[in-house]
Peer 1: 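Pasting a structure here, questions to come.
In what follows, every chain begins at residue 1, and chains take the letters A, B, ... in the order their sequences are listed.
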Amino acid sequence: MREHRKKTKQRLGIRLWLSGGWLLVLIAIALLAPWISPKNPLEQDLFAARLPPFWMAGAEPGFWLGTDSLGRDVLSRILEGSRIALLVAFIAGTATCLIGATLGMIAGFYRGWADRIISRFVDIWMAFPPVLFAILLVAVIGTGLTSIIIAIVVIDWTRFCRVVRAEAMTQGQMDYVASAQVAGQKRFGIMIAEILPNVIPTIVALLTLEMGIAIIVETILSFVNLSISSDAPTWGGMIAEGRTSIYQAWWVLIFPLIVLFLTVLSFSQFGEGLKDRYDPVLR
Amino acid sequence: MMKPFLSIKNLTVSLKSSKEPLLRSVSLDLAAGNVLGLVGESGAGKSMIGKAILGILPQAVEITAGEIWLNDQELLRKPAKERRKFIGASTALIPQDPLTALNPSRRIGPQITERLVDILDWKKDAALARALELLNEVQIPDPERVMHSYPHEISGGMRQRILIASAFAANPKLIIADEPTTALDVTVQKQILHLIADLQARHQTSLLFVTHDLGVVSKVCQHLSVLYAGKVIEASEIRDFFKNPKHPYSRALLAATPKYNDPASSLTPVPEEVIAEVEAEIFAPRTECSHVN
Ligand SMILES: Nc1ncnc2c1ncn2[C@@H]1O[C@H](COP(=O)(O)OP(=O)(O)OP(=O)(O)O)[C@@H](O)[C@H]1O
Ligand SMILES: [Mg+2]
């Protein structure tokens with residue numbers, strides 16, 4: 001029993017380290033992209049189009065992961081693409097979290113009419129198919145980084161709201177809340193000082209999950225050509241472009257896809273790992 | 001009886017939605033420094049009375065009639081802010097479940113002292129000293145370490161001791177203990193009861209003791225009220241109650257207390273006439289409706 005617990009704990013530790021490590025590397029890459037990219041990610045060279053990655057016959061030195069159909073270096077574009085990916089992840093994730101969690105706390109803790117209004121709103125909101133909703137939204141407000149972020153927030157705040165509301169509601173029924181109330185604490189004070197610390201682990205796990213999802217949404221929007229202006233490299237854009245030449249040059253699609261997959265996975269695993277590690281109740 | 005410290009007069013609490021009463025014209029008196037036992041089966045409304053006094057009724061219910069007097073002041077007519085302050089300064093709660101009564105994500109020390117500092121304006125080191133003193137008084141070994149611990153690092157019995165210490169910390173005049181031992185091991189229950197009774201006597205606190213265990217009542221209370229389906233059906237002095245229960249339900253309740261020296265004794269069901277009496281009242285509105293039809 002003891003032994004088993006210890007093992008689980010170690011595994012959790014590794015998960016946290018691996019995912020955290022990948023995210024750190026990615027942040028470093030995003031910050032240093034212009035200096036560490038082997039080539040100019042925008043430079044086209046039709047004579048060097050669809051060069052394969054370095055281990056295959058016909059590869060040319062310097063183009064480690066090959067080139068796309070316009071002759072642009074895939075590795076450099078992936079490195080450059082991490083900037084937009086992380087920017088979207090952090091800004092959209094945080095904004096979504098702030099809005100959704102705030103409304104969820106209010107609905108779950110204060111209940112009453114505030115809860116009725118917010119919950120109805122969430123129900124109606126969630127009746128729209130999210131991706132379609134995002135595409136429509138970006139089509140209406142125009143493409144660009146800001147609209148992508150707005151679209152993600154608008155679609156995903158409900159996820160936070162629902163989960164945080166349920167959690168705040170459960171906590172609100174605990175006896176420690178009754179004791180605080182008897183002692184004369186104000187409702188708002190109880191929400192911040194008593195309830196919030198118990199909801200934070202859930203919020204953190206959701207937040208990192210959301211950062212991964214934000215990257216996916218950005219990818220989907222790129223895929224339907226509604227993302228950032230087309231010449232700035234994004235992973236979604238690369239995957240979309242790679243799709244057209246998958247039989248001639250699979251590497252244009254596969255490498256950004258792998259990076260995307262690892263990043264999204266790392267975000268969610270990092271959140272779960274943090275929760276397991278720092279939630280005093282689970283610890 | 002002395003002039004009561006806590007006096008509830010004809011308190012009626014109903015569901016907001018259906019107007020169905022959960023407490024029906026309940027009256028209680030508790031003299032200063034005395035212990036009043038409140039017994040009744042599950043769902044009778046015992047906790048509801050405590051919550052009504054402390055002003056923490058669930059949102060789905062409301063007080064529709066009655067008065068609650070605490071130390072010669074009527075609570076229900078006070079403005080909300082003033083009432084909260086008054087209750088916070090003079091009462092405390094020992095809750096049923098020591099698992100959820102301490103905030104799991106905060107250390108124990110601040111959970112005891114914060115209330116003294118923030119709400120009752122104590123100096124920080126005075127509050128700290130007071131918390132340590134009380135933890136000693138409830139026989140917690142190594143109180144300094146406990147103050148730095150999280151609730152999950154501490155056993156259930158210890159947690160209930162901490163809650164008791166915390167309840168007595170601010171020298172409240174009235175403590176409401178809502179089944180403070182039900183969630184505990186039988187062996188620990190007894191110690192906790194002794195502890196509460198002991199502290200109550202030493203600090204001369206008035207105690208409203210909610211339980212469904214008559215054995216417990218006979219040990220710690222001077223008076224007793226029996227609640228059935230939201231109604232007080234008997235209120236007596238403890239000795240009279242055990243010698244000569246007036247109400248048939250009380251007799252049934254007494255007879256239903258397991259006698260460990262007589263394993264052959266069977267349980268007595270709630271007498272028919274009691275059910276008939278109370279149901280006549282509960283179902284009266286519907287019966288009236290059926291007459292109309
Ligand atoms: N939040 C709530 N909303 C609506 N009704 C409630 C709520 N809490 C309790 N009730 C109802 O109020 C009545 C009295 O409940 P109460 O909790 O006071 O019973 P109790 O005597 O304390 O029982 P127990 O011994 O199980 O604690 C019950 O019929 C219950 O269904
Ligand atoms: Mg109860």
Side-chain angles (χ1 to χ4, degrees), chain A residues 5 9 101 105-119 164-205 274-283, chain B residues 16 47 50-51 53-60 80-108 110-112 114-120 149-153 159 163 166-167 169-170 172 174-176 178-180 183:
Chain A
R5 272 192 59 148
K9 197 134 203 191
M105 279 293 275
I106 292 171
F109 182 62
Y110 282 92
R111 312 296 317 274
W113 57 265
D115 184 25
R116 276 198 290 279
I117 293 174
I118 293 172
S119 294
V164 169
R165 171 180 174 270
E167 187 75 24
M169 213 151 89
T170 317
Q171 294 295 334
Q173 281 153 4
M174 299 282 172
D175 281 342
Y176 68 81
V177 175
S179 298
Q181 246 175 305
V182 172
Q185 296 249 31
K186 295 200 180 62
R187 294 289 284 171
F188 184 74
I190 294 176
M191 182 169 84
I192 299 300
E194 305 280 339
I195 306 274
L196 190 58
N198 288 294
V199 184
I200 285 280
T202 307
I203 291 182
V204 169
L274 273 187
K275 182 175 155 121
D276 288 345
R277 184 137 184 169
Y278 293 108
D279 190 336
V281 184
L282 294 176
R283 190 170 43 194
Chain B
K16 275 182 192 160
S47 300
K51 286 176 187 167
I53 299 167
L54 297 172
I56 51 172
L57 282 173
Q59 281 198 344
K81 208 168 171 185
E82 204 179 306
R83 179 172 65 214
R84 211 172 48 214
K85 201 153 186 194
F86 181 66
I87 292 174
S90 54
T91 68
L93 171 71
I94 302 178
Q96 171 167 354
D97 187 358
L99 269 173
T100 69
L102 286 165
N103 191 333
S105 62
R106 306 183 53 215
R107 289 177 204 278
I108 285 168
Q111 296 197 49
I112 304 176
E114 205 166 59
R115 168 167 173 233
L116 303 177
V117 176
D118 289 356
I119 303 185
L120 301 170
S149 306
Y150 285 98
H152 66 106
E153 297 167 339
R159 270 184 254 184
L163 289 167
S166 180
L174 169 70
I175 287 184
I176 295 178
D178 191 349
E179 307 197 41

Peer 1: Which residues in residues 105-116 of chain A have a heavy atom less than 4.5 Å from any heavy atom of chain B?
Peer 2: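 Listed by number: A:Tyr110, A:Arg111, A:Gly112.
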Peer 1: Which residues in residues 81-89 of chain B have a heavy atom less than 4.5 Å from any heavy atom of chain A?
Peer 2: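 Interface residues of residues 81-89 of chain B: B:Arg84, B:Ile87, B:Gly88.
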Peer 1: NE2/B:His152 to CG/B:Leu102 distance, rounded to the nearest 0.5 angstrom?
Peer 2: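 Rounded to the nearest 0.5 Å, the NE2-CG separation comes out at 11.5 Å.
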Peer 1: Over all heavy atoms of both residues, which pair between B:Pro58 and B:Lys51 is shortest? Give the atoms and the distance, please.
Peer 2: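 Looks like CD-CD, 4.0 Å.
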Peer 1: Using the side-chain contact (heavy atoms from CB on, under 4.5 Å) rule, take B:Leu163 and A:Asp175 through it: C-alpha gap first, then chi angles, then the decisive distance, then the call.
Peer 2: CA-CA 11 Å; B:Leu163 289 167; A:Asp175 281 342; over 6 Å; no
Peer 1: A:Ala180 versus chain B, heavy atoms under 4.5 Å apart: side chain, backbone, both or neither?
Peer 2: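 No part of it gets close to chain B.
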Peer 1: State, with a plain yes or no, whether a side-chain heavy atom of B:Ile94 is found less than 4.5 Å away from one of B:Ile175.
Peer 2: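 The answer is yes, as the side chains (C-beta and beyond) meet within the 4.5 Å cut-off.
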Peer 1: If you look at every heavy atom in A:Asn198 and B:Pro104, which pair is closest and at what distance?
Peer 2: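 Result for this residue pair: OD1-CG, 3.2 Å.
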Peer 1: Identify, with sequence neighbours excluded, every residue that meets side-chain contact (heavy atoms from CB on, under 4.5 Å) alongside B:Ser166.
Peer 2: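 If we apply the side-chain contact (heavy atoms from CB on, under 4.5 Å) test to B:Ser166, skipping adjacent residues, the hits are B:Ile112.
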Peer 1: Take B:Thr91 and B:Ile176 through the side-chain contact (heavy atoms from CB on, under 4.5 Å) test and state the conclusion after the steps.
Peer 2: CA-CA 8 Å; B:Thr91 68; B:Ile176 295 178; over 6 Å; no
Peer 1: I need the contact set between residues 185-192 of chain A and chain B: heavy-atom distance under 4.5 Å, sorted by residue number.
Peer 2: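 The list, in residue order, reads A:Gln185, A:Lys186.
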Peer 1: Donor-acceptor check, side chain of B:Asn103 to backbone of A:Glu194, threshold 3.5 angstrom: yes or no?
Peer 2: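 Confirmed, B:Asn103 side chain pairs with A:Glu194 backbone.
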Peer 1: Under 4.5 Å between any side-chain heavy atoms of B:Ile53 and B:Leu174, yes or no?
Peer 2: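 SC-SC contact between B:Ile53 and B:Leu174 confirmed.
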Peer 1: Grab the two heavy atoms, one from B:Ala92 and one from B:Ala167, that are nearest each other, plus how far apart they are.
Peer 2: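 Looks like CB-O, 3.4 Å.
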Peer 1: Looking only at heavy atoms, which two atoms of A:Ser179 and B:Ala101 are closest? And how far apart?
Peer 2: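 Minimum heavy-atom contact is OG-O, 4.5 Å.
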Peer 1: Quick one: do A:Gln171 and A:Val177 satisfy side-chain contact (heavy atoms from CB on, under 4.5 Å)? Show the steps, please.
Peer 2: CA-CA 8 Å; A:Gln171 294 295 334; A:Val177 175; 5.6 Å; no
Peer 1: Under 3.5 Å, side chain of B:Gln111 to main-chain N/O of B:Arg106, donor-acceptor pair present?
Peer 2: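 Present.
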